[in-house]
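Atoms within each ligand, like the ligands themselves, are counted from 1 in listed order. None of the values given here were measured: they were computed from a predicted structure.
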Amino acid sequence: MSRCPFASRRAFLGAAAGLVAAARTAGAAGTVPVSPSAVEPFHGEHQGGILTPIQRHTYFAAFDLTTAKLSDVVSMLKAWTQASARLTAGETAAPLSDRNGPAADGGAALGLGASRLTLTFGFGAGLFSKDGKDRYGLSSRRPEALVELPVFHGDQLVEGRTGGDLSVQACADDPQVAFHAVRELVRLAYGVADLRWTQSGFISAPDSGGTPRNLMGFKDGTRNPPATPQNDGRACLDDVVWAGNEGPAWMRGGTYLVARRIRISLEHWDRTEVDFQEQVFGRHKMSGAPLGGRDEFEAPNLSAMDEEGNPVIPEDAHIRLGAAETNGGAQILRRAYSYNDGVSFIAERWPPWRQGMQYDAGLFFLAYQRDPRTGFIQIYANMAMLDALNQFTTHVGSGLFACPPGVREGEFIGQKLFDAA
Ligand code: HEM
């Protein structure tokens, strides 16, 4: 039985007032005012960048491991741990002392401050076995939850934007700080791991608060499990986000990240009427309130009918298909960023079947969950076939990563996986 208040409308009504207040003050759904010197902790029970109030920029990197030796992987993770502790504190990746030889830090973020940098690490299936080979003797430690994602209806995944043996996500309020941090980790990976794909992203909301809007102009992140450990949402996060006793001990307190690069046909969207757009999402564009409601944070009434006997929130509306109520209580923690990668020649797969140079822009969808089989897969399998939003979106990249628990002082990233391996 989920302890998340969104699992049922009645439970939501009971818990809503306190949780909504807590979510707003913590900025869980919104960005927080930029302060270059602000620091997010690196060490802790859980990794940063998951519950952390969302930073304005991300730089995500997936790596292929190229070494045959486990000891190389461990050495790299130790080096990444040391560098990450320094970078997230606003320092250089290593002390700058020697002017001979390659610099200990490239210097691109000197003077910029920590800008709330977080670095979140994940392990892909390829760390455990690749091409049928148990490269590092870790295959017996692969969590069952680290499945291969099924091929979903409409997927157009590009090999070069999919998969990876390791992932690193930098989030910061400054784009240069985020990029620099990953670049320094890439330097430490030379000879052990190569970049496979990367994705940058951005998101902004007014400093006065509020949920950020995505590139479709809708508030995105409203109905997310509560993201503040201090309130009674903690039990909910244990149910929805953090891995428990059901899997290997090394993943306890960790989580699973599903990343999807979703291109949005903005040209097509921009030709539609606001009324129609609201039917697609099931929410009002300006206020973010569910159709039939007035307040952004009120629970959608999924059973309400209009005078003609039609559902107020259409059967194929995005929020109906995504709601816990429609999915046997399944929930995920979404922490998505918009992306904008210029223009490409694109042939749309829906009417009006435009083709030509179009924005290569959309949503870098990132969702954390205790188990992807009962999280993203359960929710999206249905959505992929029925969601009205699909007319405007195409999934072109994908990854699933097991993100180990937080790093304690003196430990290295994912240490328990490697102990006695
Ligand atoms: C370009 C792609 C997408 C866009 C623009 C988008 C946008 C939105 C917006 C505007 C909302 C309503 C506000 C909110 O509660 O945050 C929402 C809700 C939601 N979305 Fe998406 N979304 C996208 C893809 C996905 C995908 C692939 C999933 C897969 C699981 C998903 C799952 C959800 C869920 C679970 C909710 C909350 C539903 C509820 O309980 O009301 N979204 N999304």
Side-chain angles (χ1 to χ4, degrees), residues 2 4-9 12 20 23 28-30 54 149 152-155 157 201 203 205 210-227 240 257-266 268-269 277-291 293 295-302 313 317-339 359 361-369 372-398 400:
S2 172
C4 282
F6 292 143
S8 81
R9 183 169 150 75
F12 174 82
V20 166
I54 196 160
L149 285 179
F152 294 101
H153 189 78
D155 271 2
L157 302 185
I203 187 124
T211 310
R213 290 183 186 272
N214 60 32
L215 295 182
M216 298 173 106
F218 278 74
K219 295 187 175 193
D220 199 333
T222 303
R223 205 164 180 237
N224 236 354
V240 171
L257 166 66
V258 172
R260 307 282 284 182
R261 185 182 193 270
I262 309 177
R263 200 183 74 76
I264 303 175
S265 175
L266 294 177
H268 184 182
W269 182 250
Q277 296 185 347
E278 293 184 335
Q279 299 279 311
V280 166
F281 279 110
R283 284 190 178 272
H284 292 289
K285 193 167 188 179
M286 288 307 131
S287 63
L291 293 185
D295 183 81
E296 180 190 352
F297 293 99
E298 75 185 78
N301 183 350
L302 297 174
I313 297 176
H318 184 68
I319 67 157
R320 176 187 289 280
L321 294 167
E325 294 88 333
T326 314
N327 292 293
Q331 288 187 70
I332 51 180
L333 178 71
R334 291 169 293 128
R335 202 174 187 279
Y337 284 87
S338 295
Y339 74 85
Y359 294 116
L363 192 75
F364 188 39
F365 175 91
L366 298 156
Y368 294 92
Q369 58 240 277
R373 295 167 296 182
T374 50
F376 179 81
I377 296 173
Q378 186 167 333
I379 299 170
Y380 187 59
N382 204 24
M383 241 183 195
M385 286 187 289
L386 302 175
D387 192 349
L389 185 62
N390 296 342
Q391 300 165 73
F392 303 94
T393 57
T394 308
H395 290 227
V396 291
S398 177
L400 172 59

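Judged by distance alone, the side chain of D220 and the main-chain N or O of P212 form no donor-acceptor pair under 3.5 Å. Q369 contributes a side-chain N or O that, together with a main-chain N or O of F376, makes up a donor-acceptor pair within less than 3.5 Å. Of the possible polar contacts, none joining the E298 side chain to the A289 backbone as a donor-acceptor pair under 3.5 Å is found. Distance alone, capped at 3.5 Å, is enough to place a donor-acceptor pair between the R320 side chain and the L302 backbone.
Those atoms of ligand 1 with a heavy atom of R283 less than 4.0 angstrom away are 12 (C), 13 (C). Set against the non-hydrogen atoms of A323, the atoms of ligand 1 under 4.0 Å away are 38 (C), 39 (C), 40 (O). Interface of N214 with ligand 1, defined as ligand atoms under 4.0 Å from a residue heavy atom, comprises 5 (C), 7 (C), 10 (C). Atoms of ligand 1 found under 4.0 Å from any heavy atom of I264 (numbered from 1 in listed order, with element): 1 (C). Residue I332 approaches ligand 1 through these ligand atoms, each under 4.0 Å from one of its heavy atoms: 30 (C). Atoms of ligand 1 lying under 4.0 Å from at least one heavy atom of F218, given by number and element, are 10 (C). Interface of I379 with ligand 1, defined as ligand atoms under 4.0 Å from a residue heavy atom, comprises 30 (C). Taking every heavy atom of M216 and a limit of under 4.0 angstrom, the matching atoms of ligand 1 come to 5 (C).
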Evaluate side chain to side chain contact (heavy atoms under 4.5 Å, CB included) for L363 paired with L215, printing each intermediate quantity in order.
CA-CA 8 Å; L363 192 75; L215 295 182; over 6 Å; no
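Using cut-offs of 30° and 60° on the angle between ring planes, the pair F281 and F218 is tilted.
The shortest non-hydrogen separation linking A317 to Q279 is CB-O, 3.6 Å.
Listing protein N, O or S atoms at distances below 2.8 Å from atom 21 (Fe) of ligand 1, with waters left out, gives H318 NE2.
Note on ligand 1: L321 sits outside its first shell, no heavy atom being nearer than 4.0 Å. Heavy atoms of G221 come nearer than 4.0 angstrom to ligand 1 in at least one pair. Taking 4.0 Å as the cut-off, Q331 does not count as a neighbour of ligand 1 on heavy-atom distance.
The single protein non-hydrogen atom nearest to atom 32 (C) of ligand 1 is M383 CE, 3.6 Å, given as residue, atom name and distance. The protein atom (non-hydrogen) at minimum distance from atom 27 (C) of ligand 1 is H395 CE1, 3.6 Å. Remark: minimum distance from atom 14 (C) of ligand 1 to any protein heavy atom is reached at T222 N, 3.2 Å. Among protein heavy atoms, atom 13 (C) of ligand 1 sits closest to K219 O, 3.4 Å.
Separating the CG atom in L291 from the CD1 atom in I319 is a distance of 7.0 Å, to the nearest 0.5 Å.
Residue contacts with ligand 1, taken as heavy atom pairs separated by less than 4.0 Å, do not involve L215 at all. Residue contacts with ligand 1, taken as heavy atom pairs separated by less than 4.0 Å, do not involve N224 at all.
By the 4.5 Å heavy-atom criterion applied to side chains, M216 and V280 are not counted as neighbours. In this structure the side chain of L149 never reaches within 4.5 angstrom of the side chain of Y380, judged on heavy atoms. In this structure the side chain of P290 never reaches within 4.5 angstrom of the side chain of R223, judged on heavy atoms. In this structure the side chain of R260 reaches within 4.5 angstrom of the side chain of D155, judged on heavy atoms.
The heavy atom nearest to atom 15 (O) of ligand 1, considering only R223, R320, R260, is found in R223.
Judged as a ring-ring contact (aromatic ring centres under 6.0 Å, His included), and not counting sequence neighbours, Y339 has no contacts. Every residue meeting the ring-ring contact (aromatic ring centres under 6.0 Å, His included) condition with F364, not counting sequence neighbours, appears here in chain and number order: F60.
Applying the side chain to side chain donor-acceptor pair (under 3.5 Å) rule to pairs touching residues 383-392 yields H318-D387, sequence neighbours excluded.
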